[in-house]
2 protein chains.
Amino acid sequence: MGIKERKEKHKEDLRQRILDAAKELFLKDGYDATSIRKIAEKIEFSPTTIYLYYKDKTDIMYALHQEGFKLLGTQFLVLQHVHEPFERLKAMGRVYMSFALSNPDFYELMFIMKEPIEFVKNHCHDEEWEEGEQAFTALINTVEHCKAAGYFVQFDTTTFALNIWSLMHGLCGLKLQGHLDHMASTKISLPDNVNLMEQTFDGFISMLEKLK
Amino acid sequence: MGIKERKEKHKEDLRQRILDAAKELFLKDGYDATSIRKIAEKIEFSPTTIYLYYKDKTDIMYALHQEGFKLLGTQFLVLQHVHEPFERLKAMGRVYMSFALSNPDFYELMFIMKEPIEFVKNHCHDEEWEEGEQAFTALINTVEHCKAAGYFVQFDTTTFALNIWSLMHGLCGLKLQGHLDHMASTKISLPDNVNLMEQTFDGFISMLEKLK
DNA sequence: AAATATAGTTAACAGTGTTAATATTAAAAA
DNA sequence: TTTTTAATATTAACACTGTTAACTATATTT
């Protein structure tokens with residue numbers, strides 16, 4: 001059935017074109033400004049056609065959310081070349097921070113907004129979360145390796161990993177939301193032109209070093 | 001001019017009634033579902049009347065955001081009675097967590113959403129942020145007292161405080177967004193019925209204890 | 001060639017924030 | 001007291017939003 005296959009391919013193509021248009025709009029104007037009608041206009045189809053390929057807007061956003069995790073995954077690949085576990089942990093933090101700063105909209109969609117994860121809960125009953133879990137598993141493994149190298153030996157691995165993730169996530173969240181810059185501008189005790197995010201991260205690293 | 005005063009009072013009254021109605025809707029249905037028209041219906045005025053008392057929707061939400069900080073401030077009051085600095089720091093963390101869990105919508109408005117802080121940037125040029133800064137100052141002071149008691153002596157106070165805030169904020173964010181519960185349900189290595197948030201926080205405390 | 005399934009469309013519903021023009025009301029001036 | 005003026009509130013409208021039902025055109029199968 002060659003014809004059927006070609007049709008399937010065409011259908012999958014259009015599904016991808018919708019996603020690409022959505023991505024472009026999303027990265028340019030953010031979540032709210034990415035309307036179904038604008039996506040439709042970009043791919044030169046009727047707005048309702050999109051509903052033949054995606055259940056609703058959160059479905060599209062969940063697909064983008066997955067793309068975001070794939071992107072983060074590729075950024076994490078360089079970490080494979082950092083063999084010393086604690087060095088790898090530090091590098092992981094920097095990659096995470098850099099990802100959040102370079103892709104703020106993706107970061108929001110992946111870790112801050114409630115819509116995509118609610119879509120998972122409502123429609124993806126067969127639990128195929130993968131991408132996100134992989135990143136956390138990578139963290140768990142690195143913490144485990146750190147423990148083998150004498151770091152954090154007295155702490156539970158999962159708990160410690162969650163602490164690290166919480167701190168990194170909180171730091172990125174405060175930065176993206178503007179709270180960090182606000183503090184930098186109001187707290188006169190701070191020297192000017194200081195990168196509060198870097199400074200906080202460096203402080204965190206020195207805390208971790210003391211926990212060897 | 002008794003009449004003028006009465007009019008001013010009436011005007012201030014209506015402004016408050018708008019805010020109360022907005023608050024009720026906001027706490028019941030969240031940000032998006034709190035529409036100008038619904039607020040208007042609740043106070044039995046025309047939707048456009050609201051624009052005579054508030055610039056726009058973000059103005060109303062900023063007012064609620066301030067109320068949230070006042071509420072957090074009152075929750076922090078109990079901390080005055082905890083004299084031992086490290087105990088006070090721990091209690092502060094618990095109060096912060098409890099506030100986030102008990103008032104998730106307020107927490108989102110205060111620390112996660114971008115709208116209110118952008119309203120500050122755009123319209124409140126005279127920097128009257130107060131409520132939020134007070135809470136952070138309280139944290140700074142407690143960290144300073146901890147240092148005087150022999151804790152964290154080798155760390156910069158502001159950097160350390162930002163680390164603590166980042167971790168607490170990240171933990172609350174991951175919890176409210178659903179990521180923490182998701183991890184608890186997928187990571188089978190974890191025992192069932194475990195409170196990941198409490199466990200992570202306890203782990204953090206034991207980390208801090210090691211930094212004495 | 002007729003019946004059927006697929007793909008895409010138009011029109012509409014029920015909302016949203018927001019603004020301009022208008023009406024109503026109350027205070028101030030004549 | 002009547003007229004003018006200022007403040008307050010309203011109606012109507014604009015330009016959007018996500019989403020669905022009903023309809024049409026196309027292509028495949030019987």
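Reminder, nothing fancy here: chain letters follow the sequence lines and each chain counts from 1.
A straight line from CD1 of B:Ile36 to P of C:dT19 spans 11 Å, rounded to a whole angstrom. Atom CD1 in A:Ile60 sits about 14 Å away from atom C1' in D:dT17, given to the nearest Å. The distance from atom OH of A:Tyr51 to atom C1' of C:dT6 is 20 Å, rounded to the nearest whole Å. One interatomic measurement links the two molecules: NZ of B:Lys55 to P of C:dG17, which rounds to 15 Å at whole-angstrom precision. Remark: C1' of D:dG18 and CG of A:Asp59 are 14 Å apart, rounded to the nearest angstrom. The nearest whole Å value for the distance from the CD1 atom in A:Ile50 to the P atom in C:dA7 is 16 Å. In this structure, A:Lys57 atom NZ and D:dT17 atom P are separated by 9 Å, rounded to whole Å. Spacing between atom OH of A:Tyr54 and atom P of D:dT19 amounts to 14 Å, rounded to whole angstrom units.
For B:Phe152, the ring pair (Phe, Tyr, Trp, His ring centres under 6.0 Å) test picks out B:Phe160, with sequence neighbours left out. Every residue two or more places apart in sequence or in another chain that forms a ring pair (Phe, Tyr, Trp, His ring centres under 6.0 Å) with A:Phe86 is listed here: A:Tyr151. With sequence neighbours excluded, the residues forming a side chain to side chain donor-acceptor pair (under 3.5 Å) with A:Glu144 are A:Thr157, listed by chain and number. For B:Arg94, the side chain to side chain donor-acceptor pair (under 3.5 Å) partners at least two apart in sequence or on another chain are B:Glu198, B:Asp202.
Judged purely by distance below 3.5 Å, without hydrogens or angles, the side chains of A:Asn195 and A:Gln199 never pair a donor atom with an acceptor atom.
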Under 3.5 Å, which donor-acceptor pairs do the side chains of residues 161-174 of chain A form with other protein atoms, sequence neighbours left out?
{"residue": "A:Asn163", "atom": "ND2", "partner": "A:Thr159", "partner atom": "O", "Å": "3.1"}
{"residue": "A:Asn163", "atom": "ND2", "partner": "B:Thr200", "partner atom": "O", "Å": "3.0"}
{"residue": "A:Trp165", "atom": "NE1", "partner": "A:Tyr96", "partner atom": "OH", "Å": "3.2"}
{"residue": "A:Ser166", "atom": "OG", "partner": "A:Leu162", "partner atom": "O", "Å": "2.8"}
{"residue": "A:His169", "atom": "ND1", "partner": "A:Tyr107", "partner atom": "OH", "Å": "2.7"}

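Pairs of residues two or more places apart, or lying in two chains, that qualify as salt bridge (charged side-chain N to carboxylate O under 4.0 Å, His left out) and include a residue from residues 100-120 of chain B are A:Glu108-B:Lys114, A:Lys114-B:Glu108. Applying the salt bridge (charged side-chain N to carboxylate O under 4.0 Å, His left out) rule to pairs touching residues 36-49 of chain B yields B:Glu24-B:Lys42, sequence neighbours excluded. For residues 158-185 of chain B, the set of pairs meeting the salt bridge (charged side-chain N to carboxylate O under 4.0 Å, His left out) definition, not counting sequence neighbours, comprises B:Lys175-B:Asp181. Each salt bridge (charged side-chain N to carboxylate O under 4.0 Å, His left out) pair with one or both residues in residues 51-73 of chain A, not counting sequence neighbours, appears once here: A:Lys23-A:Glu67.
Within the nucleic acid shown, A:Lys38 comes within 4.0 Å of sugar-phosphate atoms alone, with no base atom in reach, counting heavy atoms only. Nucleic acid contact for A:Thr58: none, since no nucleic acid atom lies under 4.0 Å from a heavy atom of the residue.
Near DNA chain D, meaning a heavy atom under 4.0 Å from it, residues 15-32 of chain B has no residue at all.
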How would you summarise protein contacts on nucleotides 9-14 of chain D per nucleotide, using B for base, S for sugar-phosphate only and - for none, with heavy-atom distances below 4.0 Å?
BBBBB-
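Side-chain atoms of B:Phe26 and B:Ile60, non-hydrogen and from C-beta on, never get closer than 4.5 Å to each other.
In this structure, the helix from C:dA1-D:dT30 to C:dA30-D:dT1 shows an angle of 30° between the axis at its start and the axis at its end, each fitted on 5 base pairs and rounded to 10°.
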